[in-house]
Amino acid sequence: MPELPEVETTRAGISPGLVGQQIHKVIVREHRFRWPIPVDLPLQLAQQRILAVSRRSKYLLLKVTQGTVLIHLGMSGSLRLLASTQPPAKHDHVDVVMENGAVLRFNDPRRFGCVLYTTDPIDSHPLIQHLGPEPLSDAFTADYLASRCLRRQLPIKNFIMDAKVVVGVGNIYANEALFLSGIHPNRTPDSLSNDEVVTLTDNIRTILAQAIKRGGTTLRDFSNADGKPGYFAQELLVYGKKGKPCTACKTVLVEVRLQNRSSVFCPHCQPACAD
DNA sequence: AACGGCACCTGGTCGC
DNA sequence: TGCGACCAGGTGCCGT
């Protein structure tokens, strides 16, 4: 489900209701995740105050008095902020209950996400420390991307989805950014011209910023902190549009599979070779 | 070092 | 209506 815009939409939604609140208790109904939810999480978090809600890559970070809670939504996770407790639905795995009665509720059918806690500096956490720059930060420049492209020979689509290169670019936005840039998903990073790297850098930034503005992309089940969908899906140009005409040239869009993920592109606007 | 493939899960959809 | 196959927005880890 969630790529960077969806996570950022969630962050913005839950932050106002959480910052400054004291945690009353934490209820864990299901521990079995990719990394199991620590058994002592409720004990660790009780009575701590939430100081800030931030995001690094697709991780939501709840800064609390003595440490940081890391939440990842995986493929199917969502967070909702309830004004007061309600009976849990299926896959409502974790509740963080505030002293004021509000409940941060984590739902994740596929359990690819995680909820972890650390008292160490967050930048040195194993899941965080090797991440590349934020795409919307000043560190993500064309010069930076060009330097990372040198001698790299994997498909460019796989490359821009690599979180060690740049974080936050998932399958949807990788497809969209490459289309906007006129770059075939199977091209290699070391084959890109300087102009192409500049264009790609710009388009990655632009597509993510626009999607955030629209509240993210809802394909099936993404919902924000209020349980409402995002509206970027109607602006997608190639993702999920195999067999439909290209919005620029009317050529039928084609799908290939890269890294076992569907990749849709326009054979005319995104030629296999730069020429 | 770099790359491809797989695994972790549930649920929705499609074809028979 | 039921069943199996296949697909899905992520990403760490393994073998080559």
Side-chain angles (χ1 to χ4, degrees), chain A residues 1-10 29-37 55-60 70-79 89-93 106-116 125-132 135 147-178 185-191 204 207-208 211-212 214-224 229-243 255-264:
Chain A
M1 164 189 70
E3 299 192 29
L4 186 142
E6 292 72 46
V7 179
E8 178 57 26
T9 297
T10 298
R29 302 185 189 85
E30 175 61 81
H31 291 266
R32 294 173 301 162
F33 282 77
R34 172 171 213 184
W35 297 285
I37 296 181
R55 178 188 59 72
R56 176 72 174 99
S57 183
K58 296 169 191 167
Y59 292 92
L60 282 162
L70 287 83
I71 303 174
H72 198 290
L73 301 178
M75 292 268 274
S76 58
S78 62
L79 284 170
K90 201 171 186 184
H91 306 304
D92 282 344
H93 299 310
F106 177 60
N107 178 290
D108 185 6
R110 291 175 74 179
R111 289 190 277 121
F112 283 6
C114 65
V115 180
L116 300 171
H125 191 279
L127 293 175
I128 301 288
Q129 63 178 341
H130 299 297
L131 294 174
S147 73
R148 298 298 305 264
C149 283
L150 296 174
R151 296 179 296 280
R152 297 300 301 270
Q153 308 247 340
L154 73 172
I156 184 68
K157 174 162 177 277
N158 299 3
F159 178 75
I160 62 174
M161 290 177 68
D162 180 350
K164 290 193 285 302
V165 173
V166 58
V167 302
V169 183
N171 198 34
I172 296 177
Y173 302 113
N175 278 289
E176 297 297 308
L178 290 172
N186 226 348
R187 295 268 310 279
T188 63
D190 75 348
S191 79
I204 288 172
I207 197 78
L208 292 173
I212 290 170
R214 296 284 183 276
T217 301
T218 295
L219 294 180
R220 290 168 193 78
D221 51 8
F222 173 73
S223 62
N224 64 19
Y231 295 98
F232 196 69
Q234 56 209 60
E235 299 181 37
L236 296 176
L237 300 176
V238 288
Y239 180 84
K241 302 203 180 293
K242 171 181 69 165
E255 177 178 286
V256 294
R257 291 194 80 77
L258 290 172
Q259 237 180 210
N260 243 334
R261 319 295 294 269
S262 74
S263 307
V264 184

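To find a chain, count down the sequence lines: A is the first, B the second, and so on, and within it residues start at 1. It should be emphasised that the depicted structure is a prediction, and the values quoted were computed from it without experimental measurement.
The CZ-P distance, from A/Phe33 to C/dG10, rounds to 18 Å in whole Å. Taking atom NE2 of residue A/His91 and atom P of nucleotide B/dG11, one finds them 3 Å apart after rounding to whole Å. If you take CE of A/Met75 and P of B/dC6, they are 16 Å apart, rounded to a whole angstrom. Here C/dA8 presents its P atom at 8 Å from CG of A/Asn260, a figure rounded to the nearest Å. Distance, A/Glu255 CD to C/dC6 C1': 13 Å, rounded to whole Å. Distance, A/Leu60 CG to C/dG10 P: 15 Å, rounded to whole Å. Whole-Å rounding puts the A/Asn171 CG to C/dG9 C1' distance at 7 Å. Nucleotide B/dC9 holds its P atom 16 Å from the NE2 atom of A/His31, rounded to whole Å.
Using modelled atom types, one side-chain atom of A/His31 and one backbone atom of A/Ile37 make a donor-acceptor pair closer than 3.5 Å. A/Ser191 contributes no side-chain N or O that, together with a main-chain N or O of A/Arg187, makes up a donor-acceptor pair within less than 3.5 Å. Judged purely by atom type and a 3.5 angstrom limit, A/Ser76 uses its side chain to pair as donor or acceptor with the backbone of A/Arg110.
Every side-chain contact (heavy atoms from CB on, under 4.5 Å) that A/Val238 has, sequence neighbours left out, goes to A/Asn175, A/Glu176, A/Phe179, A/Leu253, A/Val264. A/Asn186 pairs by the side-chain contact (heavy atoms from CB on, under 4.5 Å) definition with A/Pro155, A/His184, A/Leu258, not counting sequence neighbours. For A/Arg111, the side-chain contact (heavy atoms from CB on, under 4.5 Å) partners are A/Glu30, A/Arg32, A/Phe33, A/His93, not counting sequence neighbours.
For A/Lys58 and C/dG9, the shortest distance from a side-chain N or O to OP1 or OP2 is not below 4.0 Å. Close to C/dA8, at under 4.0 Å from its OP1 or OP2, lies no side-chain N or O of A/Ser76. Distances shorter than 4.0 Å separate some side-chain N or O of A/Arg152 from OP1 or OP2 on B/dC3. Between C/dG9 and A/Tyr239, a contact under 4.0 Å exists linking OP1 or OP2 to a side-chain N or O.
Between A/Arg214 and A/Glu235 there is a salt bridge, since at least one side-chain N of the basic residue sits less than 4.0 Å from a carboxylate O of the acidic one.
For the residue pair A/Thr217 / A/Tyr173, a side-chain donor-acceptor distance below 3.5 Å is found, with atom types taken as modelled. For the residue pair A/Ser78/A/Asn107, the side-chain donor-acceptor check at 3.5 Å is not satisfied.
Nucleotides B/dC3 and C/dG9, compared at atom P, are 22 Å apart to the nearest Å. Between C/dC7 and B/dG5, the two P atoms lie 15 Å apart (nearest whole Å). Straight-line distance between the P atoms of C/dC14 and B/dC9: roughly 16 Å, to the nearest whole Å.
At a cut-off of 3.5 angstrom, the base of B/dA2 holds no donor-acceptor pair with the side chain of A/Arg151. Residue side chain A/Arg111 does not reach the base of B/dC9 through any donor-acceptor N/O pair under 3.5 Å, judged by distance alone.
The environment of A/Lys242 atom NZ is sparse: at most 12 non-hydrogen atoms of other residues, nucleotides or ligands sit within 6.0 angstrom.
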Notebook entry, point to check: Given pairs defined as Watson-Crick or G-U wobble with both distances under 3.5 Å, what dot-bracket annotation applies to DNA chain C, with ( ) intrastrand, [ ] crossing, | other strand and . unpaired?
Noted result: .|||||||.|||||||
Using nucleotides 12-16 of chain C, report all nitrogen or oxygen pairs with the protein that are shorter than 3.5 Å.
residue : atom : partner : partner atom : Å
C/dG12  : OP1  : A/Tyr59 : OH           : 3.3
C/dG12  : O4'  : A/Arg34 : NH2          : 3.0

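Interface residues of residues 154-162 of chain A facing DNA chain B, ordered by number: A/Leu154, A/Pro155, A/Asn158; criterion, heavy-atom separation under 4.0 Å.
The aromatic rings of A/His72 and A/Tyr59 sit perpendicular to each other, their planes meeting at more than 60°, with 30° as the lower class boundary.
A distance of 4.5 Å separates CD in A/Gln153 from CG in A/Asp190, rounded to the nearest 0.5 Å.
Each of A/Arg261, A/Glu3, A/Lys157 was checked for a side chain to side chain donor-acceptor pair (under 3.5 Å) with A/Asn171, and the lone residue meeting it is A/Lys157.
Projected onto DNA chain C by closest heavy-atom contact, A/Gln259 and A/Arg110 fall at different nucleotides, the more 5' of which corresponds to A/Arg110.
The ring of A/Phe112 does not lie on top of the base of B/dC9; it is either too far (5.5 Å or more) or too tilted (30° or more).
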